[in-house]
*Asks:* 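Got a structure for you, written out below as C-alpha cells; questions coming shortly.
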Amino acid sequence: MSIEEMLRCNSQKVEKALEDFLPMRSCRQADLIEAMRYSLLGGGKRIRPALALEFCRVCGGREEDVMPFACAVEMVHSYSLIHDDLPCMDDDDMRRGKPSTHKKYGEALALLAGDALLSLAFETLLKSPAQPQRVLAAAKELADASGYLGMVGGQVIDLDSEGKRIDYDTLKAMDEAKTGAMILAAARMGCYAAGADEKAVQAAAAYAVNVGMAFQVTDDILDVTSDAATLGKSTGKDSRDNKSTYVTLYGLEKAKEMADAFTRQAVDALGCFGEKADTLKELAFYLAGRKN
C-alpha cells in the first residue's frame, strides 16, 4: 500500500468515526454543532490520527481501542485551527481552501465551536474500550499536549514573538509546543492504546519530535514558495507579519536542509520496530516533501 493509499484509507476510517462521535443536530444548539462539523469534517490530511493508528498497529494493538484516541486528537487539532484563525490570533480568512470558521459563522460561534470540540475530545477519548490505565495515560498525554506548556503555550510564545527577531532556541521551543506537541501526543497515544513498552514509546516520541520539526520547517518553506490555491490558506503571511521563521533566520536552502535532517533523524528513530515501521518511514519523507 502506498503512503497516499494509507492516508486515504485511514482518513476514511477516521471521518466515519468522527461522524459517529459528533452530537446530533436536532437540538437547540444546532448552529453550534453545525460550526463544529464545518471545522472537524472540513478535510485535511488527518496526519495526527494516522500517527495514532499506525503506532498502535506497529505495536500490535487493536484499531477499535485507538480510534477514539485518534478522533480526540483530531478534535483538539480542529479546535486549535478555529481559534488560530480568529482576528485576535493569526486573523486568517481561509482554511483548507474554504472560509475559516469565523468567516462562515461569526467570531462568537466560532469561538464556542472550538471550546466545544476541546470538551468533546476528552468525552470521545474516554469511550475507548482499551484498558482503563491506557485510557488514563492517553487522557493525560492529550491534556499536557494541548495545555499551557503544550499547544496553547506555544501560541503564547508565537504572539509574544510577533514583530521581533527571535533566536533559534526560541523558535524551536515555540514550534515544539505549538505544532509538535500534538504530533508527539498522537504517536504516544497510539503506543498507549497497544500497551507498548517504554522502549517503543521512546522510539515513537523521538520519531514524532523530529517529524513535527520537519513539518514546521516545511510549513515555513511553503509560506514562501507556494500559493494560496495550492496551500489552501493564505501565503506570505509570515513576511507580512514580520515573523521569524526558519526561512527568515537561515534562508530557503538551509531551511530545506534542516527539514531533510529532521526527517532522517525521525526515520532513524524507528529502528527497533523493524520492517513494521516502513509505512511510518515513508510518511516522514512524504510530509517533508509535501506541497500543501
Side-chain angles (χ1 to χ4, degrees), residues 10-24 29 32-33 35-37 39-42 44-84 112-155 177-198 200-201 204-205 207-208 211-212:
N10 281 343
S11 180
Q12 290 170 350
K13 291 178 181 178
V14 169
E15 196 82 7
K16 182 181 184 304
L18 287 171
E19 282 273 13
D20 292 340
F21 286 124
L22 277 165
M24 299 298 291
Q29 293 78 24
L32 172 66
I33 295 167
M36 293 164 66
R37 294 176 63 87
S39 173
L40 186 61
L41 304 178
K45 303 176 191 66
R46 310 296 192 202
I47 298 301
R48 292 153 191 83
L51 286 172
L53 291 169
E54 281 301 302
F55 272 107
C56 182
R57 180 190 64 79
V58 166
C59 294
R62 303 187 307 170
E63 187 174 287
E64 58 264 36
D65 288 343
V66 75
M67 186 58 77
F69 296 178
C71 290
V73 170
E74 190 67 7
M75 289 173 184
V76 172
H77 178 57
S78 293
Y79 124 72
S80 75
L81 297 182
I82 294 174
H83 285 195
D84 200 43
L112 293 171
D115 294 343
L117 281 171
L118 177 59
S119 299
L120 183 61
F122 286 93
E123 179 184 332
T124 298
L125 185 153
L126 293 170
K127 291 179 179 177
S128 169
Q131 294 179 18
Q133 66 268 29
R134 298 178 186 180
V135 177
L136 286 173
K140 183 180 186 307
E141 187 73 33
L142 188 60
D144 289 345
S146 58
Y148 73 101
L149 290 179
M151 183 179 64
V152 172
Q155 180 69 7
K178 183 177 178 181
T179 302
M182 294 306 300
I183 291 175
L184 174 58
R188 280 178 167 164
M189 289 165 72
C191 294
Y192 295 154
D197 61 24
E198 187 59 28
V201 174
Y207 170 87
V211 162

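We count residues from 1, following the sequence as given.
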*Asks:* Given Pro49, which of Glu74, Met67, Lys13 fulfils the side-chain contact (heavy atoms from CB on, under 4.5 Å) condition?
*Replies:* Glu74
*Asks:* Please find the pair of heavy atoms, one from Pro129 and one from Asp65, that lie closest to each other, and give the distance.
*Replies:*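 Nearest pair, atom of Pro129 first, then Asp65: CG-OD1, 3.3 Å.
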*Asks:* Where the side chain of Thr124 meets the backbone of Pro68, is there a donor-acceptor pair that is under 3.5 Å apart?
*Replies:*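 Pair absent, no side-chain N/O of Thr124 close to backbone of Pro68.
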*Asks:* If you round to the nearest 0.5 Å, how far is CD1 of Ile183 from CE of Met151?
*Replies:* 12.0 Å
*Asks:* Does any part of the side chain of Lys140, heavy atoms only, come nearer than 4.5 Å to the side chain of Tyr192, both counted from C-beta?
*Replies:* no
*Asks:* Can you find a pair of side-chain heavy atoms, one from Met182 and one from His77, that are under 4.5 Å apart?
*Replies:*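 The answer is no; the side chains never approach within 4.5 Å.
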*Asks:* Check Phe69 against Arg134 and note the closest heavy-atom contact, atom names and distance.
*Replies:*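 Distance-wise, the nearest heavy atoms are CZ-O, 4.0 Å.
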*Asks:* Within the structure provided, determine whether Asp115 and His83 are in side-chain contact (heavy-atom separation under 4.5 Å).
*Replies:* yes
*Asks:* Salt-bridged, Glu54 to Arg57, with N to O below 4.0 Å?
*Replies:*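 Looking at Arg57 together with Glu54, the answer is yes, because their closest N to O distance falls below 4.0 Å.
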*Asks:* Compare all side-chain heavy atoms of Val66 with those of Met189 and state whether any distance is below 4.5 angstrom.
*Replies:*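 With C-beta onward as the side chain, the pair stays apart.
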*Asks:* I want to check something: taking the side chain as every heavy atom from C-beta on, are Arg48 and Val76 in contact at a cut-off of under 4.5 Å?
*Replies:* no
*Asks:* Looking at every non-hydrogen atom in both residues, tell me the closest pair between Ala72 and Leu125 and how far apart they are.
*Replies:*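 What the structure gives for the nearest pair is CB-CB, 3.9 Å.
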*Asks:* First locate atom CG of Leu18, then atom CE of Met75, and finally report the distance between them rounded to the nearest 0.5 Å.
*Replies:* 5.5 Å
*Asks:* At what distance, to the nearest 0.5 angstrom, does CG of Asp197 lie from SG of Cys191?
*Replies:*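 Rounded to the nearest 0.5 Å, the CG-SG separation comes out at 9.0 Å.
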*Asks:* Can you measure from CZ (Arg46) to CG (Leu53) and round to the nearest 0.5 angstrom?
*Replies:*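 Here the interatomic distance stands at 12.0 Å.
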*Asks:* Are Leu149 and Asp144 packed together at the side-chain level, in the sense that at least one heavy-atom pair is separated by less than 4.5 angstrom?
*Replies:*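 Leu149 vs Asp144: side chains apart.
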*Asks:* How close do Cys56 and Ala194 get, heavy atom to heavy atom, and via which atoms?
*Replies:*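 Taking every non-hydrogen atom into account, O-CB, 3.8 Å.
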*Asks:* Can you tell me how far the CD atom of Gln155 sits from the OG1 atom of Thr179, to the nearest 0.5 Å?
*Replies:*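 Rounded to the nearest 0.5 Å, the CD-OG1 separation comes to 9.5 Å.
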*Asks:* I'd like to check Leu142 versus Phe122 (side-chain heavy atoms, cut-off strictly below 4.5 Å). Are they in contact?
*Replies:*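 Leu142 vs Phe122: side chains touch.
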*Asks:* Tell me whether Lys16 at atom NZ has more than 12 heavy atoms from other residues, nucleotides or ligands lying less than 6.0 Å away.
*Replies:*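 No.
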*Asks:* Over all heavy atoms of both residues, which pair between Cys71 and Val14 is shortest? Give the atoms and the distance, please.
*Replies:* SG-O, 4.1 Å
*Asks:* To check you understand the geometry: which heavy-atom pair defines the closest contact between Leu117 and Ser78, and what is its length?
*Replies:* CD1-CB, 4.1 Å
*Asks:* For residues Leu41 and Leu22, determine if any side-chain heavy atom of one lies less than 4.5 Å from a side-chain heavy atom of the other.
*Replies:* yes
*Asks:* Below 6.0 angstrom between ring centroids: does that apply to Phe55 and Tyr207?
*Replies:*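 Yes - the distance between ring centres of Phe55 and Tyr207 falls below the 6.0 Å cut-off.
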